[in-house]
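Order of listing sets the numbers, starting from 1, for every ligand and every atom in it.
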Amino acid sequence: MKTMVIVAHPNLDTSRANRALMLEINHNPNIEVRDLYQIYPDWNIDVKKEQQLLLSYDRIVFQFPFYWYSCPPLLKKWFDDVFTYGWAFGPEGHHLKEKEFILATTTGGTENSYQSGGDNSFTISELFRPIQRTITRCNGIYLPAFVTYNANQGTDAYFAQEAKRYADHIQIPSSVLVH
Ligand SMILES: Cc1cc2nc3c(=O)[nH]c(=O)nc-3n(C[C@H](O)[C@H](O)[C@H](O)COP(=O)(O)O)c2cc1C
């Protein structure tokens with residue numbers, strides 16, 4: 001299975017969590033890792049190129065720090081620009097059909113906080129719904145997300161362990177991941 005990971009972090013230089021996740025998969029021959037903020041410093045997304053790339057992969061992972069209960073803005077723009085009418089949805093818009101998508105995020109909040117009654121009231125699954133529906137609206141297969149919680153407090157050992165769990169998660173066959 002060919003997998004592309006699109007990393008969207010506005011400041012990877014100061015990142016600990018996303019950098020650890022990224023480093024773990026960077027040299028994996030089965031995974032193509034792309035740093036969106038580095039590729040498009042001017043935010044001028046090459047839509048044709050992105051669409052062409054999507055066609056070549058079976059699984060697409062979006063990796064990002066959780067910002068205001070959503071993804072960083074360049075990734076939102078990427079969805080707006082790349083998932084076009086007539087290509088991703090609507091008439092003839094079948095190009096993402098059957099492709100697998102995984103969201104992978106790191107949160108400042110703890111796992112306890114992301115539940116009913118917790119500080120953040122909602123689970124990550126609930127908060128991911130707009131992106132989930134964007135993907136399913138385009139007939140993509142939305143697979144269970146990966147989350148590293150408490151990402152501002154993590155020790156190096158915690159991030160090393162999370163990075164291994166991440167590499168496993170994004171390579172597990174969908175039949176196993178959903179059960
Ligand atoms: C602008 C901004 C918004 C943030 N919003 C959230 C949020 O909604 N929920 C949360 O749990 N953490 C939030 N955080 C914390 C980040 O998710 C956290 O710092 C990040 O996941 C750490 O990963 P890194 O080491 O790769 O930067 C926010 C941080 C910033 C800078």
- Query: How are the rings of F101 and F83 set to each other: parallel, tilted or perpendicular (split at 30° and 60°)?
  - Reply: perpendicular

- Item | Under 3.5 Å donor-acceptor, R59 side chain and I170 backbone | yes

- Query: When the ring planes of F89 and Y85 are compared, do they come out parallel, tilted or perpendicular, using 30° and 60° as the limits?
  - Reply: perpendicular

What are the polar N/O contacts of ligand 1 with the protein below 3.5 Å, with distances?
| unit_1 | atom_1 | unit_2 | atom_2 | d |
| --- | --- | --- | --- | --- |
| ligand 1 | 5 (N) | F66 | O | 3.4 |
| ligand 1 | 5 (N) | W68 | N | 2.8 |
| ligand 1 | 8 (O) | W68 | N | 3.1 |
| ligand 1 | 8 (O) | Y69 | N | 2.9 |
| ligand 1 | 9 (N) | Y114 | OH | 2.9 |
| ligand 1 | 11 (O) | G108 | N | 3.1 |
| ligand 1 | 11 (O) | G109 | N | 2.9 |
| ligand 1 | 11 (O) | Y114 | OH | 2.6 |
| ligand 1 | 12 (N) | G108 | N | 3.1 |
| ligand 1 | 14 (N) | F66 | O | 3.3 |
| ligand 1 | 17 (O) | F66 | O | 2.8 |
| ligand 1 | 17 (O) | T106 | O | 3.4 |
| ligand 1 | 19 (O) | N152 | OD1 | 2.7 |
| ligand 1 | 19 (O) | N152 | ND2 | 3.4 |
| ligand 1 | 21 (O) | T106 | O | 2.9 |
| ligand 1 | 21 (O) | T106 | OG1 | 2.6 |
| ligand 1 | 23 (O) | T106 | OG1 | 3.3 |
| ligand 1 | 25 (O) | R16 | N | 2.9 |
| ligand 1 | 25 (O) | A17 | N | 2.9 |
| ligand 1 | 26 (O) | H9 | NE2 | 3.3 |
| ligand 1 | 26 (O) | S15 | OG | 2.7 |
| ligand 1 | 26 (O) | N18 | N | 2.8 |
| ligand 1 | 26 (O) | N18 | ND2 | 2.8 |
| ligand 1 | 27 (O) | H9 | NE2 | 2.8 |

- Are the side chain of K99 and the backbone of Y57 linked by a donor-acceptor contact shorter than 3.5 Å? yes

- Cluster question for you: counting only ILVMFWY and a side-chain heavy-atom cut-off of under 4.5 Å, with indirect links fine, are F62 and L143 together? no

- CA sep, side-chain torsions, deciding dist, call: D80, K76, salt bridge (Lys or Arg N to Asp or Glu O under 4.0 Å): CA-CA 6 Å; D80 295 351; K76 174 60 166 66; 2.9 Å; yes

